[in-house]
Every structure is written in structure tokens, then in C-alpha cells.
Amino acid sequence: MSGPRLTVKSIRATPVKVALTYALGTSAATVRAAPLVLLDLETHEGITGRAYQFCYVPSAARALIVVLNEMLDAVRNKAVAPLDQWARLAQRYTLIGVQGIVRMGMSLLDVASWDALAQAAGMSLSAYLGASPRLVRAYNSNGLGLMPTAPLADEAEKLIEGGFRAVKLRLGYATLEEDIAAVRAVRKRVPTEVDVMVDYNQALSVAEALRRGRALDDEGVYWIEEPIRHDDYAGCAELAQSLKTPIQIGENFSQVYDVQKALEAAAADYVMPDVERIGGVTGWQRASALAFAAGKPLSSHLYPEVSVHLLAATPTAHWLEYVDWLNPLLQEPLRIVDGMASPPERPGIGLMWNDEMVKKSVMV
């Protein structure tokens, strides 16, 4: 990993809101639009690193921009050196803690910094991280929220049209019978070779997760994701030991420390870090090393444009979670062919904003 030395000149953060192609109804809330922050990290050497952040609610996007502008004071005219940068900012925010909005800002800067460094080296991010060109399996995670079975099955059929060989279904209906009906409706509509993952978004107690999980064991489900509170590792371990269907957790891991706790507790069969919550590219690499040491398959949560590069460099790479939320704002969206994603060969991550669409999507 080498290239010209870069120094930070400025950052530009743009809050935008993009309507989702498919409404995402979960046990926690229904998401119809994605509030995002687009970040441009400008260097004195003329290279701009880019990254983006899904903020869940518009108010978080606005707060994130305030924090990013403050962080600029700590990194301006400093070398673009992600590990040093993370340590410097972590020390700066020790008293408030590297969580929430603070972690969002640090992770955004981290991803944009790695993007800039890879560009300066004339390499894709995956190649810069030492990976050879490779394809990554992708499942379609758009839509398939909580809804009646007829439209649910129709939507599942649409989501495999692009060649996807796996889809994710949200569960957490009022009753177990409704959960089973939803799974069967989707399974009946898609080909048998298409894998179906299910996600409870932390909706259940341990006892109820055991009850519903045992019923799902006979339904051909690929994994059960976050059935209970995300940080109840003892409860997750009980589920992983008791159920035949694999347990998947990890989107709420906050930095690498949570990965270590979960692995030590044998809390899951699979893990799936989120690029932001795990600490950007820097945090992902640390999590990847732990997953490799534990022999755990590692998938991604959201951010497919970035995650495809990271999975290509992950020894235990499993699945890429694909959503199309950023596509309207990109000149060249990530392509999925026959259910497989490949990191773009352009230098860096390959994010190039569609400026016209960005202007139309700016939050006011």
C-alpha cells in the first residue's frame, strides 16, 4: 500500500434524501426514504476521497454535518493516514465516546481517506487492500418488508429479476403463523435454488425467538438475523446452539470490541459488520481478522459500493447485502450480474456523484 503523500485540505458534506424503490417495513419502523450524507474529502494534492453515510433519520444527517465540520479542525493540513487519524479523533472524543454521531463522522472520514489513498496509488480499493479480482455473492435486500402475503410474493419475484440468487425477508409479524405464511409465500414464488434469509430486527424475546426459530427450522430459511436484542450475546448463543437454522448478527457491532465479545460468547454462526458502525475500512479490517481467526463467515450490512471492495479482501467473505439506495446519485452504480458483484476497477472505491441528481435531492 503505497502512493503519494496526501494532506487534508477541506471536507464538503452534503445532506440528501432519496426515495426508496421499495418501502422497507420492519418490526421497528417503515422506511420509505433514505437520508444520506455525501462526503468529499479534498486534499492539497488535488485528489478527492468520497464516502457516504445512511443516517436513518434526517435530523441525524444534520447533526452529522455539524460534527464533521468540527472534526475538520483536527485533520486539516494533516496527512491522510487513516490509522493515525482514527487514533487522534478517538482521543479527542474520549469523554463523549466514539458512538453514534461521533462514530458516524469518524467512519465517514476513514472511508473517504482510504478512497483518496487508493486513488493516489492508481488502484481500486480492493487491490489497494491486497485483494485479487474476485466476484462476491450478493443478495437483494430491497423491500420484502412486513406486508400481506400476496404483494410480498409479487415483490419477491421482482427482486430476483436481475439474476439474484438470494433475497432477504423481514419478519416479526404479530404471530408466528403470519411469519410462517410470509416465508412460505416467498418460497413458493421464487425458484428452489434461490436462498431466503430472514431478519427480525431485534423484535423477539429469547423465549419467543426459540419458539419461532424452531418452526422456521423446517422452512428452508438460509439464516435468522437479529432475532433478539443485538447485544444480548448470551441469548444469541442459546439460539445458535438450539436452532438448526444459522443465526446471523453484527450490523450493530460498535467497533471491533463488540465483534470480539460476540465471538468469545459463540453468539452467532455468521457475522455481518456495518461499515459505519464497525469503524470504516480500518475497523472492517480488524473485524475481518477476528472472523478469520474464529473461522466465521463474514457478510456485509448495507453500503454495497464500499462493502464489495472490503469483502473481496476478506478471507471468510460470505454475502454482500445489496440495496440500490445510492444508485440515483451515482454516475455508475454498482452492477450485479447473475447474482454476483465485482469491485469496480476504477481507482479508489469508484464513487462518482451524479451532480445533477445530487442537487435535486439535497435536504432543505
Side-chain angles (χ1 to χ4, degrees), residues 1 51-52 54 82-83 86 107 110-115 117-118 121 123-141 164-166 168 195 197 222-223 225-226 246-264 266-323 334-337 339-351:
M1 298 189 295
Y52 74 99
F54 172 48
L83 274 66
W86 187 274
S107 295
D110 183 88
V111 173
S113 295
W114 282 99
D115 181 40
L117 291 171
M123 305 166 71
S124 70
L125 177 60
S126 57
Y128 190 66
L129 295 175
S132 301
R134 62 179 292 191
L135 296 174
V136 178
R137 291 188 299 176
Y139 67 87
N140 200 335
S141 197
F164 284 94
R165 299 167 191 166
K168 186 156 79 177
D195 292 314
M197 296 84 165
Y222 190 90
W223 74 47
E225 185 177 333
E226 284 201 333
I247 297 298
Q248 170 75 278
I249 67 172
E251 68 179 72
N252 284 293
F253 287 156
S254 182
Q255 302 187 71
V256 72
Y257 316 111
D258 280 356
V259 184
Q260 191 163 7
K261 292 175 187 175
L263 292 175
E264 289 174 352
D269 301 284
Y270 307 142
V271 292
M272 56 180 306
D274 174 283
V275 172
E276 179 273 308
R277 289 176 173 144
I278 204 64
V281 177
T282 299
W284 180 287
Q285 291 184 100
R286 293 166 176 164
S288 173
L290 289 177
F292 176 65
K296 292 292 184 184
L298 186 150
S299 298
S300 63
H301 177 251
L302 301 182
Y303 309 100
E305 300 81 7
V306 181
S307 297
V308 69
H309 288 278
L310 302 180
L311 284 169
T314 295
T316 60
H318 199 194
W319 286 92
L320 174 80
E321 181 176 35
Y322 175 78
V323 291
L334 179 67
R335 295 178 64 242
I336 309 292
V337 180
M340 306 294 283
S342 179
E345 296 181 358
R346 298 185 297 275
I349 295 169
L351 296 174

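Being a predicted model, the structure only gives us computed values, none of them experimental.
Taking Tyr270 as the reference, nothing meets the side-chain hydrogen bond (donor to acceptor under 3.5 Å, both in side chains) condition, with sequence neighbours excluded. Residues satisfying the side-chain contact (heavy atoms from CB on, under 4.5 Å) test with Ala262, not counting sequence neighbours, are Tyr233, Ile249, Phe253, Ala267. The salt bridge (charged side-chain N to carboxylate O under 4.0 Å, His left out) check on Arg346 picks up Glu332, with sequence neighbours excluded. Scanning for side-chain hydrogen bond (donor to acceptor under 3.5 Å, both in side chains) contacts around Glu251 gives His301, with sequence neighbours left out. Partners of Glu345 by side-chain contact (heavy atoms from CB on, under 4.5 Å), not counting sequence neighbours: none found. Residues passing the side-chain contact (heavy atoms from CB on, under 4.5 Å) test with Ser126, sequence neighbours excluded: Ser124, Ala131, His309, Ala312, Pro343. Partners of Phe164 under the ring-ring contact (aromatic ring centres under 6.0 Å, His included) rule, at least two apart in sequence or in another chain, are Tyr322. Remark: Thr316 engages no residue in a side-chain hydrogen bond (donor to acceptor under 3.5 Å, both in side chains) (not counting sequence neighbours). Not counting sequence neighbours, Ser107 has no partner by the side-chain hydrogen bond (donor to acceptor under 3.5 Å, both in side chains) test. Residues satisfying the salt bridge (charged side-chain N to carboxylate O under 4.0 Å, His left out) criterion with Glu226, sequence neighbours excluded, are absent altogether. In this structure, the side-chain contact (heavy atoms from CB on, under 4.5 Å) partners of Ala287, at least two apart in sequence or on a different chain, are Val259, Pro273, Ile278.
Across Ala317 and Leu311, no two heavy atoms sit closer than the pair CB-O, 3.3 Å. The shortest non-hydrogen separation linking Asp269 to Ile247 is OD2-N, 2.7 Å. In terms of heavy atoms, Gly295 sits closest to Pro297 at O-CD, 3.7 Å. The nearest pair of heavy atoms linking Phe54 to Tyr303 is N-OH, 3.2 Å.
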Exercise. Go through the steps for Tyr139 and Leu320 under the test side chain to side chain contact (heavy atoms under 4.5 Å, CB included), then give the verdict.
Key: CA-CA 6 Å; Tyr139 67 87; Leu320 174 80; over 6 Å; no

Exercise. Starting from the C-alpha separation in whole Å, work towards a yes-or-no answer on side chain to side chain contact (heavy atoms under 4.5 Å, CB included) for Trp114 and Thr282.
Key: CA-CA 9 Å; Trp114 282 99; Thr282 299; 3.0 Å; yes

Practice problem: Decide side chain to side chain contact (heavy atoms under 4.5 Å, CB included) for Gln285 and Leu129; before the verdict, give the C-alpha distance in whole Å, the side-chain angles of both, and the deciding distance to 0.1 Å. | Solution: CA-CA 9 Å; Gln285 291 184 100; Leu129 295 175; 3.6 Å; yes

Quiz item: Run the side chain to side chain contact (heavy atoms under 4.5 Å, CB included) check on Arg277 and Ser254 step by step: do they pass?
Solution: CA-CA 5 Å; Arg277 289 176 173 144; Ser254 182; 5.5 Å; no

Quiz item: Going through the distances and angles, do Ser299 and Trp223 end up as a side-chain hydrogen bond (donor to acceptor under 3.5 Å, both in side chains)?
Solution: CA-CA 12 Å; Ser299 298; Trp223 74 47; over 6 Å; no

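Glu321 and Ser300 share no side-chain donor-acceptor pair at under 3.5 Å. When only modelled atom types and interatomic distance are considered, Trp284 and Ser307 share no side-chain donor-acceptor pair under 3.5 Å.
Looking only at distances, no side-chain donor or acceptor of Asp115 sits under 3.5 Å from a matching main-chain atom of Val111. Under a 3.5 Å cut-off, the side chain of Gln248 and the backbone N or O of Val271 do form a donor-acceptor pair. Judged purely by atom type and a 3.5 angstrom limit, Asp110 uses its side chain to pair as donor or acceptor with the backbone of Val281.
Within the model, atoms CG of Leu310 and CG of Leu125 stand 6.0 Å from one another, a figure rounded to the nearest 0.5 Å.
Taking 4.5 Å as the limit, some side-chain heavy atom of Leu290 sits within range of a side-chain heavy atom of Val256. Val337 is not listed as a side-chain neighbour of Ser342, based on a closest heavy-atom distance of 4.5 Å or more. A 4.5 Å side-chain heavy-atom check between Glu225 and Met272 finds at least one atom pair inside the cut-off.
Every pair tested for salt bridge (charged side-chain N to carboxylate O under 4.0 Å, His left out) that includes a residue from residues 282-310 fails, sequence neighbours excluded, so the list is empty.
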